[in-house]
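For ligands, and for the atoms within them, numbers begin at 1 and follow the listed sequence. All residue numbers refer to positions in the sequence shown, counting from 1.
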Amino acid sequence: MILRRSAPLCLVLGLATSLAGATGVFAADSATSSIASYTLIAPKSEVPSGLLARAVIASGAGCPALTGRTGRGQSFALRMQLRPKPALAGAAYSAVEVCERGIPTGTVSAMVGSRVIPASLPSRIERIALSGDSGCRISSWEVQDCSNTSAWPLARISRNMAKDNPDVIINLGDYFYREAVCPATDQGLCASNPPPPGNLPVTGSAMGWIADALIPMQPVFDAAPILMVRGNHESCARGGIGFFLFFSPQRSTALQCAPEMVDGAVVVPSNDISPTWNATWLVGDSDATAHTLDLEIIDSAYGQDGTVDAYAATQRSSYVAAASHVAKSRPDEAWLLTHRPIFGMISTQFTDGGPVWTSADQAAASQGLLGGFSLVLSSHIHVAQAVNIPGQPAQIVLGNGATELDPTTGYDTPTYGPLSNVDGSALSPLATPYPAPTSTWTDVRFGYVIATPGARSTSWMFEHRDQRGKPFASCAVAKRSANCKATT
Ligand SMILES: [Fe+2]
Ligand SMILES: [Fe+2]
């Protein structure tokens, strides 16, 4: 969400930021010069196992080997390949290179260089960790205390999430928030923040990504394979080059945000959308309740939040692809993962009396295509939230993953539905208003979710945990509805 505060949060003196530590990580794995290594959930069309090993290395260090062992006792050593990097990314990304290799099916242990990485998913998944909106906000109007582990608790959340032993991790996007030079008045909060490149029409850089994501997320990288969703902070003009270099699991997207020379000026694409992809897992708390869960992953980096415009028609193809795959593959259950929520409410403190529903372009683009889904998972609004719209899948929002939170008040259940004005009239002639929600729930504190399947097939418990790992609320998910309550 874009905040509309007039004054930056500069009340707390901070310690020196962690970037000095970030550069030190270049030497953390001396055998490979690996800055970070992790296992991405990837489309089966990319790699039959659905798992892709990545290593971020200092440029010129040479890719480490991917080594491991299969369940049949066979060892393997595979050469990792450099992921293509945009030629005109220049100095902004010159410090690093990214190596990748598909993990062979049947692997039981794997290493990148001398570092162990998650090698497999369990045959039946019982525990999913989820979060979103994680970067430390540095903008011209708002500065988070990037050196304070309570004010920007991504490292703490990562550690506690890892301690919860998830089988798999889902991150719902908006990783990159270090979009401005640290203001002179806020040096105590962000003194050693890597500045935007300056010579590219983007705000992201390799060093910014290292500080905002690659280092603080290492505990979750070590814990389990991770599925990464693209957020609007990963649009090409922002952190997009880094997202497609580090976190997109599709090889075809490596150069999606590549800068180009047009009429003597360097430009980056806009309104680019990467293809919808999917992952299917066997989930359940026992063999008796085991069932297939299909995840459809949408790129919603673009689009209007407060209005419906022509972009909705462009974005619709993403949701058509998702709905078509669900209809064709007929899983027992399907979740839609899209960074911008389809049924998400912002605080009335942001609306000036207007409607609270956001991501109007996504709501319009997906209209009529959600029948196969039981749940929509998003972030984008910096709160934890659940919304039930009659006849639609439940919407859960998890935008409380460490980025500066939204206001703590202003989330009363509206008497009008998404794509409506406050009086219930249509927001746009391009889309039909939804009915008012039957219930909503919002909690504004940092944290994450551990989701576990229930005793009944397709029922789930989403347990919200704070930055220290302490449960504070739970949402029972069943029959396309999410019913949340505070932990007592
Ligand atoms: Fe965000
Ligand atoms: Fe966002």
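Our summary of the site lists the angle at the Fe ion (ligand 2) between OD1 of Asn232 and NE2 of His339 as 90°, to the nearest 10 degrees. An angle of 90° is found at the Fe ion (ligand 1) between His382 atom NE2 and Tyr177 atom OH, rounded to 10°.
Residue-level check: among N/O/S atoms of His380, ND1 sits closest to the Fe ion (ligand 2). In terms of distance to the Fe ion (ligand 1), the nearest N, O or S atom of Asp133 is named OD1. The closest approach of Asp174 to the Fe ion (ligand 2), by N/O/S atoms, is made by OD2.
Checked for salt-bridge contact, Arg159 and Asp222 miss the test: no charged N lies under 4.0 Å from a carboxylate O. The pair Arg83-Glu100 meets the salt-bridge criterion, with a side-chain N (NZ, NE, NH1 or NH2) lying under 4.0 Å from an Asp/Glu carboxylate O.
The distance from the Fe ion (ligand 2) to the nearest N/O/S atom of Ser379 is not under 2.8 Å. The Fe ion (ligand 2) lies at 2.8 Å or more from every N, O or S atom belonging to His233.
Scored by the side-chain contact (heavy atoms from CB on, under 4.5 Å) test, Leu430 finds Val308, Ser428 as partners (sequence neighbours excluded). Contacts of Asp167 classified as side-chain contact (heavy atoms from CB on, under 4.5 Å), with partners at least two apart in sequence or in another chain: Pro122, Ile125, Glu126, Arg127.
Cysteines Cys236 and Cys257 have SG atoms closer than 2.5 angstrom.
Side chains of Tyr448 and Asp164: a donor-acceptor N/O pair is present below 3.5 angstrom, by distance only.
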